[in-house]
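Notes for the one structure printed next.
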Amino acid sequence: MHSTLSLSFSQSAAAVIPRSSLASVDSPAFAQSKPINLRFCGLRREAFGFSSLNKSCSQRICLPAKGHGRKVFASAADNGSAPKSFDYDLIIIGAGVGGHGAALHAVEKGLKTAIIEGDVVGGTCVNRGCVPSKALLAVSGRMRELQSEHHMKALGLQVSAAGYDRQGVADHANNLASKIRTNLTNSMKALGVDILTGVGTILGPQKVKYGKVGLPEKIVTAKDIIIATGSVPFVPKGIEVDGKTVITSDHALKLEFVPDWIAIVGSGYIGLEFSDVYTALGSEVTFIEALDQLMPGFDPEIGKLAQRVLINPRKIDYHTGVFASKITPARDGKPVTIELIDAKTKEHKDTLEVDAALIATGRAPFTNGLGLENINVVTQRGFVPVDERMRVIDANGNLVPHLYCIGDANGKMMLAHAASAQGISVVEQVTGRDHVLNHLSIPAACFTHPEISMVGLTEPQAREKAEKEGFEVSVAKTSFKANTKALAENEGEGLAKLIYRPDNGEILGVHIFGLHAADLIHEASNAIALGTRIQDIKFAVHAHPTLSEVLDELFKSAKVRAHKSTPVSEPVAV
């Protein structure tokens with residue numbers, strides 16, 4: 001369901017908030033002192049503040065003209081000059097998943113759209129991230145299954161020794177990335193999106209230049225601009241990357257060789273997935289984690305189970321509470337050397353000698369060279385500051401008119417599908433319908449074998465929130481061992497966990513470890529986005545026998561005191 005915010009305006013307050021059903025903010029209908037309803041997708045009341053609404057109301061917004069053949073005019077109130085025409089309704093800097101999603105939605109809304117890309121279409125996700133890594137993980141999953149004699153015997157199968165061709169595996173990942181990249185390019189061209197090749201730089205309000213090194217630059221203008229430049233691997237100081245024996249995820253996805261022993265610095269999503277790949281292909285892995293426990297970003301209970309299944313039985317050891325202060329690539333017949341220091345005392349603890357090291361310490365925003373200084377915007381640790389509507393904020397705390405930033409570059413949630421959702425939200429706004437994305441409803445997944453997925457708050461986060469706001473938290477759990485489909489697959493290892501409010505049935509978080517967890521999480525994420533309560537969703541019917549019944553049992557096992565179904569967010573009048 002959608003939350004509804006009822007706002008009343010007098011005639012003097014007209015022309016401040018757009019709505020898709022209004023032809024113009026200057027129309028007589030808008031000036032009537034009647035309530036106007038704004039719909040917020042998947043929002044609880046605490047997800048936004050009325051101060052931010054007032055901020056959006058302080059700017060005059062004209063709805064863009066629709067149709068590719070028409071020019072868009074900005075009001076004089078925006079730029080202090082006479083109305084002028086623009087080359088495009090919308091320009092997007094960056095053709096990754098976020099930019100692609102925004103471009104397709106913009107065309108659907110009738111906007112003349114261009115996308116500027118200085119590298120290759122698809123960005124990190126398609127070329128150096130999600131897509132090729134899933135190709136490698138598909139291989140590792142099959143290898144792991146074929147190598148498990150116990151698993152095969154339980155199914156009555158006999159398989160001779162499994163092997164692999166490294167180049168064939170690498171080609172599978174590369175070919176998949178190429179195919180998806182081509183599909184994205186063709187889809188934008190078919191819909192009339194102009195793809196402008198070159199590095200995009202903002203010159204000023206509503207003006208961008210682009211071009212390749214050594215070639216003349218071109219200048220284009222747009223009613224609205226979206227920054228969607230993504231991120232690059234983060235490499236801490238003291239680590240020398242040679243791209244061969246000391247590598248980032250960008251290099252690892254090419255799978256140029258499979259080392260006998262590889263150290264992985266960082267045990268988050270990236271590190272865990274690569275440990276799955278390398279151990280399946282025969283490598284021994286050593287994790288180096290700065291925090292006191294592995295998998296620090298996961299719900300602690302899920303993390304402990306995942307460690308028992310994904311790490312302890314495999315050829316993996318680990319060092320926690322240490323920094324890799326210096327890493328030197330292999331050269332002159334010497335191995336890769338890693339100096340470890342205590343994360344707290346900074347004293348030397350150990351020196352490792354390995355065949356290779358993978359730096360999986362997260363990602364950094366790619367925002368250099370954007371020309372942000374031309375519009376008085378200062379990045380924060382490289383991230384572009386934005387509000388809850390992805391509108392860029394300048395150094396004085398003011399909104400930069402007609403400029404938005406989505407995806408990894410703003411740092412709100414560094415996931416490809418979050419970037420796409422943010423882009424769609426921005427397009428909704430520039431076409432006249434206010435929209436705020438609830439990031440707590442966006443799921444995440446780690447594609448190990450078995451998979452890990454999550455949405456919303458972890459249990460510690462939920463309990464901290466409950467203590468501050470004065471409500472109770474309850475937890476429900478179900479096991480994959482009781483699921484018929486999981487047992488038929490001989491994959492009964494797994495757990496689903498629900499964190500909720502027993503007083504009103506609000507879902508605070510769901511965490512899953514088990515077979516196809518990445519697919520199962522979406523029922524929970526959609527429930528959070530729509531504001532569906534447990535007392536309603538427990539009546540949903542799930543096909544039998546399917547893995548979805550893990551969640552069916554999970555919701556049914558929750559004990560909610562509220563008998564009456566009520567929306568998560570009541571209508572609020574201001």
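Below, all heavy atoms of this structure are taken into account, side chains as well, without hydrogens, waters or symmetry copies.
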(request) Can you establish whether the number of heavy atoms outside K134 located under 6.0 Å from its atom NZ is more than 12? (result) yes
State, without any angle test, whether [X] and [Y] hold a side-chain donor-acceptor pair at a distance under 3.5 Å.
X: K412; Y: H439; answer: no
X: E339; Y: S325; answer: no
X: Q206; Y: T221; answer: no
X: D276; Y: T279; answer: no
X: W261; Y: T286; answer: yes
X: S525; Y: H522; answer: no

Please give me the minimum heavy-atom distance between [X] and [Y], naming the atom from each residue.
X: P296; Y: Q293; value: CD-O, 3.8 Å
X: A106; Y: T113; value: CB-OG1, 3.4 Å
X: T245; Y: A330; value: OG1-N, 3.1 Å
X: A518; Y: F447; value: CB-CE2, 3.5 Å
X: I338; Y: I327; value: CG2-CG1, 3.9 Å
X: A306; Y: I452; value: CB-CD1, 3.9 Å

Find out whether [X] and [Y] are in side-chain contact, i.e. whether some heavy atom of one side chain is under 4.5 Å from a heavy atom of the other.
X: I406; Y: I226; answer: yes
X: S425; Y: V436; answer: no
X: T320; Y: L294; answer: yes
X: H417; Y: V97; answer: no
X: R389; Y: Q429; answer: yes
X: I225; Y: L90; answer: no
X: V220; Y: K218; answer: no
X: S249; Y: S133; answer: no

[X] side-chain N/O to [Y] backbone N/O, donor-acceptor pair under 3.5 Å:
X: Y164; Y: M143; result: no
X: K112; Y: D87; result: yes
X: S283; Y: P259; result: yes
X: Q461; Y: T458; result: yes
X: E289; Y: G321; result: no
X: H105; Y: A102; result: no
X: H435; Y: I424; result: no
X: N175; Y: D171; result: yes
X: R391; Y: V400; result: no
X: H348; Y: D350; result: yes

Within this structure, what is the [atom1]-[atom2] distance for the pair [X] and [Y], rounded to the nearest 0.5 Å?
X: H100; Y: I115; atom1: NE2; atom2: CD1; answer: 8.0 Å
X: L358; Y: I262; atom1: CG; atom2: CD1; answer: 5.0 Å
X: D408; Y: L415; atom1: CG; atom2: CG; answer: 8.0 Å
X: I116; Y: I93; atom1: CD1; atom2: CD1; answer: 5.5 Å
X: K223; Y: I91; atom1: NZ; atom2: CD1; answer: 13.0 Å
X: H449; Y: R142; atom1: NE2; atom2: CZ; answer: 8.0 Å

(request) Show the numbers, then the answer: is there a side-chain contact (heavy atoms from CB on, under 4.5 Å) between L272 and M295? (result) CA-CA 8 Å; L272 274 178; M295 295 172 275; 3.4 Å; yes
(message) side-chain contact (heavy atoms from CB on, under 4.5 Å), that's the test. Do D224 and D89 meet it? Break it down for me.
(response) CA-CA 6 Å; D224 294 286; D89 298 338; over 6 Å; no
(message) Could you check, using the six-membered ring where one of them is a Trp, whether F274 and Y269 have ring centers closer than 6.0 angstrom?
(response) no
(request) Check the pair Y210, E217 against side-chain contact (heavy atoms from CB on, under 4.5 Å), reporting the backbone distance first and the verdict last. (result) CA-CA 6 Å; Y210 72 96; E217 293 180 327; over 6 Å; no
Closer than 4.0 angstrom, basic N to acidic O: yes or no for [X] and [Y]?
X: K189; Y: D194; result: no
X: E428; Y: K109; result: yes
X: K334; Y: E353; result: no
X: E240; Y: R331; result: yes

Could you give the side-chain donor-acceptor pairs of residues 361-373 under 3.5 Å, partners two or more places apart or in another chain?
unit_1, atom_1, unit_2, atom_2, d
T361, OG1, F234, O, 2.7
R363, NE, S231, OG, 2.8
R363, NH2, T124, OG1, 3.2
R363, NH2, S231, O, 2.9
T367, OG1, G382, O, 2.6

(request) Please name the residue in the list V392, L399, N410 that meets the side chain to side chain contact (heavy atoms under 4.5 Å, CB included) test with D387. (result) L399
(request) For the pair F383 and C405, evaluate side-chain contact (heavy atoms from CB on, under 4.5 Å) and give the outcome as yes or no after the intermediate values. (result) CA-CA 10 Å; F383 295 106; C405 179; over 6 Å; no
